Amino acid sequence: MGKIAILFNPAAGKGKAFKKRNELEKLLQRFDIKYDLIVTRSEEDLKELAREKIESEKIIVGAGGDSTFNIILNEIVQKEAEVALGMIGLGSSNDVTKEFEIDSLEKACAALKRGRTKRIDVGCITKDKKILRCYLGQANIGLGVLVNKYVEEMIFRKPKVGKIQTLAGAFGIINTYSSQQIPLPLTIESERGKIDGNFVLALFNNIRYWATGKKATPHALPDDGLLDCCLIKECTLPHFAHIVFLSKKGKHASAEEVEIFQSKYFEISSGKEFEIQTDGEILESSGKPSQFKTVGFKVIPRALNIIW
């Protein structure tokens, strides 16, 4: 393998990625990996660099969080480029790298040295048959969006607390319940049929993990041509906390409020506007969260080559 381009996002992991640069470079040198490490300055800079490298490289490596990988992924898919994506997890959750068992710096560097590749599916968020965004891991409606927004606000108001992922997330869940922003009325149509109800959370996953290692969809495979849906119906806060506890080992399907199933596509509608969070990032348009009353999720089989 020749020199590889590494797009390093120092803002990943709520800014913690920057502190890991020296450790990462020592490992890259230890594994005798020839590399060109480019520090990105912003999300737009990352997009531009990804577009540039797609034209000249066979491999692009993202060093950052799940949203960093998704930015690069979307540029690859839009160009239909035959470029392999490498991933070095420096984010707050690292659910995508956990799926592929490269969720430590050492494992990620070992994978780059090995150079083994695998074709995987990507999930897509669609509106009026147009693809708005592709994703590697998961997309969700409901509580996940609201907790994400709460944590981002806490980081601004109380940085030390906000950067403690588990604690900030717990506060976010409590705040979401107390503000009565959930449940959300949804109609979900898929190959399985139609489901109507009030839901705390609706997940559409390409991988098993969600929310820092919880096995939300324990039987999901990233190369089976399907998305896995996890629905959590209206329930009390204590009961939701119990479901979350069970999900750490993927045992939450036993709860009567939980339904997990697969489909190639999902069409979602609601009488109430909702937002979408995908791999740690809320879907935006013109700098503001996009509002939906109808949206679709679908899978593009084996659309991406990854290094693992």
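A quick note: this is a predicted structure, and the numbers were derived from the prediction, not measured.
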Salt-bridged, [X] to [Y], with N to O below 4.0 Å?
{"X": "Arg30", "Y": "Glu106", "answer": "yes"}
{"X": "Arg21", "Y": "Glu25", "answer": "yes"}
{"X": "Glu259", "Y": "Arg192", "answer": "yes"}
{"X": "Glu82", "Y": "Arg119", "answer": "yes"}

TODO: Give the ring-plane orientation class for His242 versus His239, where under 30° counts as parallel, over 60° as perpendicular and anything between as tilted.
DONE: tilted
Task: Tyr135 and Phe297 aromatic ring geometry - parallel, tilted or perpendicular at 30°/60° bounds - done: perpendicular
With a 3.5 Å cut-off and no angle check, do the side chains of [X] and [Y] form a donor-acceptor pair?
{"X": "Gln181", "Y": "Ser179", "answer": "yes"}
{"X": "Glu191", "Y": "Gln262", "answer": "no"}
{"X": "Thr40", "Y": "Asp45", "answer": "no"}

- [ ] List the steps and the verdict of side chain to side chain donor-acceptor pair (under 3.5 Å) for Asp279 and Asn70.
- [x] CA-CA 8 Å; Asp279 287 343; Asn70 275 351; 2.8 Å; yes
Task: Between CG on residue Asp223 and CG on residue Asp121, distance to nearest 0.5 Å - done: 6.0 Å
Open item on the list: If you count every heavy atom of other residues, nucleotides or ligands that lies below 6.0 Å from Glu101 atom CD, does the total exceed 12?
Closed with: no
Task: Test applied, salt bridge (Lys or Arg N to Asp or Glu O under 4.0 Å); reference residue, Glu75; option that passes from Arg133, Lys47, Arg51 - done: Arg51
Task: Geometric cation-pi criterion Lys98 and Tyr209, 6.0 Å radius, 45° cone - done: yes
